[in-house]
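First the structure, in the form of structure tokens, and then the observations on it.
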Amino acid sequence: MTSGRRHFSREMPKFWERPSIRRILTGMLVVLGVATYGTLGFLLRGWSLSDAFYMTVTTMSTVGFGEVNPIDTFGERLHVVSLILLSIYAIAYTTAGFVQFLTEGEVYAILGQSRMHSQIEGMSGHTIIAGFGRVGGLICEELESCGVAFVVVEASADRVPELTRRGYPHVRGDATEEQTLLDAGLMRAKTLVSVLPNDANNVFITLTARQLSPEVEIIARAEQPSAAKTLHHAGARHVVMPAAIGAHRIAALLTRPKAVAFAELVTHHPGLELQMLAMVLPENSPLVGKSLVEADVRRKTDVNISAVRTRDGRVEIPVMRSHVFEAGESLMVVGRVDDLDHFQTEFGLVIELGEATNSWNAALVRPK
């Protein structure tokens with residue numbers, strides 16, 4: 001698996017590896033070389049070291065203070081001419097490096113990199129998103145709208161300008177590399193989301209992250225059904241298959257259009273301040289053995305029970321007024337956050353998490 005991996009550089013090269021800095025350093029070495037050439041040339045013509053060095057510096061700087069010693073031979077004049085030409089080239093080359101450093105925004109890039117590094121270092125309990133493609137971009141937009149802190153890990157240099165434009169904290173690098181995940185703050189992160197389009201990469205990222213941080217919650221994308229099981233074994237707590245979700249949604253639109261419309265209204269309309277949750281009825285719940293009418297849930301908690309999934313997997317939408325609740329049933333409830341908390345406390349229900357909620361999707365699209 002590792003043989004085919006690409007190694008990507010970090011978001012920004014180190015200071016001494018920057019092209020403009022390397023050009024400046026190279027130019028300074030050339031200037032030093034020209035100064036050495038000029039000094040040695042005058043020394044070979046019998047000048048003292050101090051006179052040779054002084055004449056070289058005044059010639060290279062073009063200040064024109066005058067000649068220390070007479071320059072009246074052809075060889076001396078030829079040496080001075082060559083020294084002037086070489087000096088012009090060396091100084092121009094070095095100056096161009098400084099200009100490149102400024103005009104290409106190098107100063108701002110260095111400051112921006114420093115600020116972003118400090119910002120990521122100060123994050124805790126954030127989400128790391130591996131991959132800024134179509135799926136990753138949509139996830140970032142959702143998290144940003146909800147005020148959730150996140151860091152993007154992206155390998156492609158072509159996508160870095162877009163990340164910078166949007167102001168998303170990011171690390172450029174290969175998310176399968178341990179150091180890249182550590183740079184993104186994996187040891188302080190709450191969740192890692194791996195949404196690369198390649199299943200093998202998602203598996204490798206999951207393995208690497210789980211080895212580094214046993215506590216981090218990992219959500220992984222899978223393209224092939226066979227990869228879902230591998231991702232779970234690798235350490236992913238949740239595996240999402242975009243193709244399967246799309247198929248379930250289309251089937252639900254065909255078979256349960258009103259249910260889908262209602263779910264869309266609740267989950268994608270922030271002004272409603274509503275939330276939809278799946279909750280399981282434990283044996284000691286006061287709801288057990290009561291009908292919907294007897295429980296009078298709506299009046300007591302201002303929460304609606306929109307659907308019931310029985311223990312045999314059958315889903316009842318809407319819930320019949322005569323339905324008698326049994327232990328082990330799952331309820332789909334809708335209400336405001338505070339009302340849902342009251343409902344959960346009042347009737348002792350347990351929020352349904354993880355893979356158990358996936359059975360709702362299967363049940364909703366199952367033909368009657």
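Start at 1 with the first residue, then count along the sequence.
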Subject >> Pair Ser194-Asn202, side-chain donor/acceptor within less than 3.5 Å >> reply: yes
Original post:
Okay, side chain of Ser285, backbone of Pro282: is any donor-acceptor separation there less than 3.5 Å?
Top reply: no
Original post:
Is Leu340 reachable from Leu287 through a run of I, L, V, M, F, W or Y residues, each pair having side-chain heavy atoms under 4.5 Å apart?
Top reply: yes
Subject >> Pairwise salt bridge (Lys or Arg N to Asp or Glu O under 4.0 Å) hits with a residue in residues 276-295, at least two apart >> reply: none
Original post:
If we ignore angles and hydrogens, is there a donor and acceptor under 3.5 Å between the side chains of Thr310 and Asp312?
Top reply: yes
Original post:
Any sub-3.5 Å donor-acceptor pair from Thr56's side-chain atoms to Thr39's backbone N or O?
Top reply: yes
**OP:** Please examine the side chains of Glu141 and Leu138, heavy atoms only from C-beta on, and report whether any two atoms are closer than 4.5 Å.
**Re:** yes
Original post:
Are the charged groups of Glu76 and Arg45 less than 4.0 angstrom apart, N to O?
Top reply: no
**OP:** State plainly whether one hydrophobic cluster holds both Val216 and Met187, where clusters connect Ile, Leu, Val, Met, Phe, Trp and Tyr through side-chain heavy atoms under 4.5 angstrom apart.
**Re:** yes
**OP:** State whether the side chain of Arg210 and the backbone N or O of Gly235 hold a donor-acceptor pair below 3.5 Å, judged by distance alone.
**Re:** yes
Subject >> Side chain proximity check, Ile139 to Thr127, heavy atoms < 4.5 angstrom >> reply: no
Subject >> Side-chain touch Phe132/His170, heavy atoms, less than 4.5 angstrom >> reply: no
Subject >> From Arg336 atom CZ to Asp341 atom CG, the distance as rounded to the nearest 0.5 Å >> reply: 13.5 Å
Original post:
Would you call Arg221 and Pro197 a side-chain contact if the rule is heavy atoms closer than 4.5 Å?
Top reply: yes
Subject >> Non-hydrogen side-chain atoms of Asp183 and Gln179 separated by less than 4.5 Å >> reply: yes
Original post:
Please, which pairs that meet ring pair (Phe, Tyr, Trp, His ring centres under 6.0 Å) have at least one residue in residues 303-340, sequence neighbours excluded?
Top reply: His323-Phe325
**OP:** Report yes if the side chains of Ile120 and His117 come closer than 4.5 Å at any heavy-atom pair, otherwise no.
**Re:** no
Original post:
Rounded to the nearest 0.5 Å, how far does CZ of Phe343 lie from CG of Leu277?
Top reply: 10.0 Å
**OP:** Mark yes when over 12 heavy atoms from residues, nucleotides or ligands other than Tyr37 sit less than 6.0 Å from its OH; otherwise mark no.
**Re:** yes
**OP:** Check whether any side-chain N or O of Asn304 sits under 3.5 Å from a backbone N or O of Val334 as a donor-acceptor pair, and report yes or no.
**Re:** no
**OP:** Determine whether more than 12 heavy atoms belonging to other residues, nucleotides or ligands lie under 6.0 Å from atom CZ of Arg134.
**Re:** no
Original post:
If you group Ile, Leu, Val, Met, Phe, Trp and Tyr by side-chain heavy-atom gaps below 4.5 Å, do Leu231 and Leu212 land in one group?
Top reply: no
**OP:** Might you work through the salt bridge (charged side-chain N to carboxylate O under 4.0 Å, His left out) test for Lys300 and Glu346, ending with a clear yes or no?
**Re:** CA-CA 9 Å; Lys300 292 180 179 178; Glu346 178 77 16; 5.3 Å; no
**OP:** May I ask whether Phe204 and Ile128 are part of the same hydrophobic cluster, defined by side-chain heavy atoms of I, L, V, M, F, W, Y residues being less than 4.5 angstrom apart, directly or through others?
**Re:** no
